[in-house]
Amino acid sequence: MPFDALNEVSDEALLVAFGNGDREAARALTLRLTPKVVGFSARMLHDVSEAEDVAQEAMLRLWRVAPKWRQGEAKVTTWLYRVVMNLCTDRLRRKRAVALDAIEEPVDETPGVEAKMTTDVRVQALHDALQDLPERQRQAVILRHIEGVSNPEIAAVMDISTEAVESLTARGKRALSAALAGRREELGFGDD
């Protein structure tokens, strides 16, 4: 099947096709899913390099299950987000053994315009506030409001009810709002 035509094929069908030896299906699925996996991992870990490692490991695991994939049991993205979430959780647990003061903050020496600086400050404030959330709230908020995953799919990824997802995201959003409320002017929002 031509590569362009693969864009219209579901994730599950592409994975089954790859499991049957179709390398173009694997390529199409990789191009489709890797940016999502890296984005979610980077937000969870706050480290792009580690996020790329997690994405690579998650995709390798997906390729290993491809020959045994049973369509209709789970969405590929649900399975993949669960794997990524577990890999990120493992890395975060290992990191906690290191004192936070012992880790140097990376310095970004790239000069930028004022708008980029404001955006960078806002993104950093959001990342910092996300890191202060309890882990399950952080996972739910990132999946729902940054990755755009539906509540039922998040429920499947996190192995909880949809109502629990709604509760986690609501509490997470309230906590983020409270954490960032005193910084409106600093973040360039002012009291319009």
Side-chain angles (χ1 to χ4, degrees), residues 1-95 106 108 110 112 116 119-120 123 126-127 130-131 135-136 138-162 164-166 168-169 172:
M1 181 178 291
F3 183 76
D4 289 343
L6 293 175
N7 290 333
E8 305 301 320
V9 178
S10 73
D11 296 343
E12 289 77 13
L14 288 173
L15 188 59
V16 169
F18 170 69
N20 292 325
D22 185 341
R23 292 189 181 273
E24 286 301 310
R27 180 172 169 238
L29 197 56
T30 300
L31 291 173
R32 184 183 297 173
L33 297 178
T34 301
K36 294 177 182 182
V37 171
V38 171
F40 177 55
S41 302
R43 288 178 186 91
M44 287 296 299
L45 299 171
H46 201 57
D47 184 325
V48 174
S49 177
E50 284 205 41
E52 290 169 348
D53 290 346
V54 164
Q56 183 176 12
E57 176 63 25
M59 294 305 289
L60 285 172
R61 290 183 184 192
L62 183 63
W63 302 142
R64 282 188 215 121
V65 302
K68 299 177 259 174
W69 188 263
R70 292 187 300 252
Q71 273 186 293
E73 286 191 18
K75 288 180 64 176
V76 171
T77 52
T78 301
W79 184 91
L80 192 58
Y81 274 128
R82 181 181 289 259
V83 169
V84 169
M85 187 174 68
N86 290 338
L87 290 169
C88 288
T89 297
D90 290 346
R91 285 178 182 253
L92 290 170
R93 285 184 183 140
R94 282 195 303 260
K95 276 186 171 183
D108 183 5
T110 306
K116 183 181 181 328
T119 299
D120 289 347
V123 167
L126 177 60
H127 282 292
L130 281 168
Q131 296 309 309
E135 186 173 338
R136 302 288 279 174
R138 182 173 62 248
Q139 291 168 345
V141 168
I142 290 172
L143 284 168
R144 180 70 189 113
H145 296 290
I146 296 177
E147 296 299 321
V149 178
S150 70
N151 285 351
E153 189 171 356
I154 296 168
V157 169
M158 297 180 72
D159 197 25
I160 58 177
S161 69
T162 302
V165 170
E166 292 167 357
L168 285 170
T169 56

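Excluded from the calculations below are hydrogen atoms, water molecules and symmetry mates; all remaining heavy atoms, backbone and side chain alike, are included. None of these values were measured; they are calculated from a predicted model. Count residues from 1 along the sequence.
Between the side chain of Arg136 and the backbone N or O of Met158, at least one donor-acceptor pair lies under 3.5 Å. When atom types are taken as modelled, the side chain of Glu12 and the backbone of Val76 share a donor-acceptor pair closer than 3.5 angstrom. Side-chain atoms of Thr34 never come within 3.5 Å of backbone atoms of Leu31 as a donor-acceptor pair (strictly under, hydrogens ignored). In this structure, the side chain of Arg23 does not engage the main chain of Phe18 through any donor-acceptor pair within 3.5 Å.
Rounded to the nearest 0.5 angstrom, Arg138 CZ and Leu92 CG are separated by 6.0 Å. Here the CG atom belonging to Asp22 is positioned 11.5 Å from the CZ atom belonging to Arg27, to the nearest 0.5 angstrom. Taken to the nearest 0.5 Å, the OH atom of Tyr81 stands 5.5 Å off from the NZ atom of Lys36. Interatomic distance, CE of Met44 versus CD of Glu135, reported as 5.5 Å (0.5 Å rounding). The CZ atom of Phe40 lies 4.0 Å from the CG atom of Leu143; values are rounded to the nearest 0.5 Å. Here the CE-CZ distance, from Met59 to Arg61, works out to 13.0 Å after rounding to the nearest 0.5 Å.
A 4.5 Å side-chain heavy-atom check between Leu15 and Trp63 finds at least one atom pair inside the cut-off. Annotation: side chain of Ile160 is in contact with side chain of Leu168 (closest heavy-atom distance under 4.5 Å). In this structure the side chain of Ile146 never reaches within 4.5 angstrom of the side chain of Val141, judged on heavy atoms. No side-chain heavy atom of Leu130 sits less than 4.5 Å from a side-chain heavy atom of His46. No side-chain heavy atom of Val157 sits less than 4.5 Å from a side-chain heavy atom of Val149.
Checked options Glu147, Gln139, His127; the residue passing with Arg43 is Glu147 (criterion: side-chain hydrogen bond (donor to acceptor under 3.5 Å, both in side chains)).
Of the charged side-chain nitrogens involved, at least one lies within less than 4.0 Å of a carboxylate oxygen, so that Arg32 and Asp11 count as a salt-bridged pair.
The shortest non-hydrogen separation linking Val54 to Ser41 is CG1-OG, 3.4 Å. Between Val37 and Ala58, the closest heavy-atom pair is CG1-CB, 4.4 Å. The minimum heavy-atom distance between Ala25 and Ala17, with the atom names listed, is CB-CB, 3.7 Å. In this structure, Leu14 and Ala28 approach most closely via the heavy-atom pair CD1-CB, 4.2 Å. Counting all heavy atoms, side chain and backbone alike, Thr78 lies closest to Ala156 at CG2-CB, 3.4 Å.
In this structure, Arg64 places its CZ atom where more than 12 heavy-atom neighbours from other residues, nucleotides or ligands lie under 6.0 Å away.
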Query raised in the report: Given Arg91 and Asp47, is the side-chain contact (heavy atoms from CB on, under 4.5 Å) satisfied, shown in steps?
Result: CA-CA 11 Å; Arg91 285 178 182 253; Asp47 184 325; over 6 Å; no
